[in-house]
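Accompanying notes for the structure given below.
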Amino acid sequence: MGNNKNIDFNCDVAQGFGVYQDGSEFELLDYVSSVNVSCGFHAGDPVTIKNTLLKCKDKHLALGAHIGFCDIQGFGYRPMDLNSDEIEALVIYQLGALASFAKSYSLEIEHVRPHGAMYKMAAENFEFSLAIANAIKKFDKWLTYYGFANENLDKVAAETDIIVAREVFADKYYNQDGEINWEQKDFTTPEITMNRIRTLNHSGQMKVTGGAFVPMNCDTIHFGYKNPTIIETIKKANEIITPTPCNYNKVVSSGWL
């Protein structure tokens, strides 16, 4: 089947720490167009970050900062109650760490994607997401903010005038309001996931719980390496869509190329 829309595929990397490493995340590098590199707070020690950047450089992938709460023990899955100043410092600290590594190896970071509890809180709370966006803009207004595709992200884009990438998950259950059911386990059947990707690609809609279809504006699809059937799924997804980085897609759509 042909590709009807340019869509980015992204995955998380540098998700280990010290001797606790899982190399399975790197199996996705041949099938994505952008990666989110952990910055040391929820995962990713300095050596892990450096080695990950070099692997991604060899694959010519768009690099992004995978920011999270300072919660190694909880892998960034536990929410934290922070004010806007604390969020700003948390975001800029992590961006600075990854940007320094990237500069050392003649690389640049192009986007920012929250992790775990931070991602969920940004999806559900406009003010929290706005604080993240303002911190990103203060660091570099040209960085793209990867966030959950919903009204909150659209409002943040309008409020801050930064670039956003609307992200969907092909293997998660969506409620009829277009929000994710975070309590439900992910799909592990590649056929179900692929049907969703086909529908999203051709009609811009997402099948939700109950069988209905809702419009879904999508710039990037996230693939989680913890899904046991992820390799089979992402290989099939590449047969439907040739993944291209979000920034490249923005340039093409602007008419510059």
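Here the structure is a predicted model, which is why all the values come from computation and not from measurement.
Taking the ring-ring contact (aromatic ring centres under 6.0 Å, His included) definition, one finds that His115 meets it with His42, His66, Phe75, Tyr77, sequence neighbours left out. Applying the salt bridge (Lys or Arg N to Asp or Glu O under 4.0 Å) rule to Asp8 yields no partners; only residues at least two apart in sequence or on another chain are considered. Looking at residues two or more places apart in sequence or on another chain, you find a salt bridge (Lys or Arg N to Asp or Glu O under 4.0 Å) between Asp154 and Arg166.
Cluster membership for Met194 and Val32, using ILVMFWY side-chain heavy atoms within less than 4.5 angstrom, is shared. Under the 4.5 Å side-chain heavy-atom criterion for Ile, Leu, Val, Met, Phe, Trp and Tyr, Val168 and Ile192 are members of distinct hydrophobic clusters. Tracing side-chain contacts under 4.5 Å through hydrophobic residues (I, L, V, M, F, W, Y), one reaches Phe128 starting from Ile162; they form part of the same cluster. Neither Trp182 nor Phe187 shares a network with the other; the hydrophobic side chains, linked directly or stepwise wherever heavy atoms of I, L, V, M, F, W or Y lie under 4.5 Å apart, form separate groups for each. Placement of Val47 and Phe101 in two distinct hydrophobic clusters is found when ILVMFWY residues are connected by side-chain heavy-atom separations under 4.5 Å, directly or transitively.
In this structure, the separation between CD1 on Ile92 and CG on Asp140 is 11.0 Å, given to the nearest 0.5 Å. One finds the NZ atom of Lys172 at 10.0 Å from the CG atom of Asn181 (value rounded to the nearest 0.5 Å). Atoms CD1 and CG, on Ile87 and Asn134 in that order, are 10.0 Å from each other to the nearest 0.5 Å. Interatomic distance, Asp186 CG to Ile180 CD1, rounded to the nearest 0.5 Å: 8.5 Å. Rounded to the nearest 0.5 Å, atoms CG (Leu98) and OH (Tyr93) are 13.0 Å apart. Going from atom CZ of Phe26 over to atom CG of Leu28 covers 10.5 Å, rounded to the nearest 0.5 Å.
Between Tyr146 and His222 the shortest side-chain heavy-atom distance does not fall below 4.5 Å. In this structure the side chain of Met206 reaches within 4.5 angstrom of the side chain of Arg196, judged on heavy atoms. Tyr145 has its side chain within reach of Ser129: a pair of non-hydrogen atoms, C-beta onward, lies under 4.5 Å apart. Considering only heavy atoms from C-beta on, Thr229 stays 4.5 Å or farther from Thr189 through its side chain. Using a 4.5 Å cut-off on side-chain heavy atoms (C-beta onward), Thr233 and Asp171 make no contact. Here the side chains of Phe213 and Thr199 are in contact, with some heavy-atom distance below 4.5 Å. Side chains of Leu90 and Phe69 form a contact here, defined as non-hydrogen atoms less than 4.5 Å apart. Looking at Ile132 and Ile136, their side chains come closer than 4.5 Å, going by heavy atoms from C-beta outward.
For residues 70-85, the salt bridge (Lys or Arg N to Asp or Glu O under 4.0 Å) pairs, not counting sequence neighbours, are Asp71-Arg78. Applying the salt bridge (Lys or Arg N to Asp or Glu O under 4.0 Å) rule to pairs touching residues 58-67 yields Asp30-Lys59, sequence neighbours excluded. Applying the salt bridge (Lys or Arg N to Asp or Glu O under 4.0 Å) definition to pairs two or more places apart or across chains, those involving residues 113-139 are Asp12-Arg113, Glu88-Lys138, Arg113-Glu167.
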* May I have the step-by-step check of side-chain contact (heavy atoms from CB on, under 4.5 Å) for Leu143 and Leu95, ending in yes or no? => CA-CA 10 Å; Leu143 289 176; Leu95 293 181; 4.3 Å; yes

* Dump the intermediate steps for side-chain contact (heavy atoms from CB on, under 4.5 Å) on Val208 and Asn175, then the final yes or no. => CA-CA 6 Å; Val208 299; Asn175 299 323; over 6 Å; no

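Remark: side-chain polar atoms of Asp177 are paired, donor with acceptor, to backbone N or O of Glu179 under 3.5 angstrom. A distance-only check finds no donor-acceptor pair linking the side chain of Ser34 to the backbone of Leu63 [under 3.5 Å]. No donor-acceptor pair under 3.5 Å is formed between the side chain of Asn10 and the backbone N or O of Val35. Proximity of a side-chain donor or acceptor of Asn150 to a complementary backbone N or O of Ala123 within less than 3.5 Å is detected. Side-chain atoms of Lys57 do not come within 3.5 Å of backbone N or O of Leu107 as any donor-acceptor pair. In this structure, Ser33 contributes its side chain and Phe9 its backbone to a donor-acceptor pair below 3.5 Å. Without hydrogens or angle criteria, Glu25 side chain to Ala14 main chain gives a donor-acceptor distance under 3.5 Å.
Taking all atoms of both residues into account, the shortest heavy-atom contact from Ala99 to Phe139 is CB-CZ, 3.8 Å. Of all the heavy atoms in Thr220 and Ala165, the pair that sits closest is CG2-CB, 4.3 Å. Between Cys39 and Ile49, the shortest heavy-atom contact is C-CD1, 3.8 Å. Summarising the geometry of Leu153 relative to Gly147, their closest heavy-atom pair is CD2-O, 3.5 Å, with the distance given to 0.1 Å. Here the closest heavy-atom approach between residue Ser100 and residue Ser104 is recorded as O-OG, 2.9 Å. The two residues Val37 and Leu53 have their closest heavy-atom pair at CG2-CD2, 4.2 Å.
No close placement of the Phe223 and Tyr31 rings is indicated, their centers lying 6.0 Å or farther apart.
Glu108 CD: 12 or fewer foreign heavy atoms inside a 6.0 Å radius. No more than 12 heavy atoms of other residues, nucleotides or ligands sit less than 6.0 Å from atom NZ of Lys235. Other residues, nucleotides and ligands place no more than 12 heavy atoms under 6.0 Å from the CG atom of Asp161.
Side-chain atoms of Gln15 and Ser38 include a donor-acceptor pair closer than 3.5 Å. One side chain, Asn195 or Arg198, offers a donor N or O that lies under 3.5 Å from an acceptor on the other.
Ring geometry, Tyr119 versus Phe169: the interplanar angle exceeds 60°, so the pair is classed perpendicular (tilted spans 30 to 60°).
Partner of Thr48 under the side chain to side chain donor-acceptor pair (under 3.5 Å) criterion, chosen from Asn51, Thr52, Asp45: Asp45.
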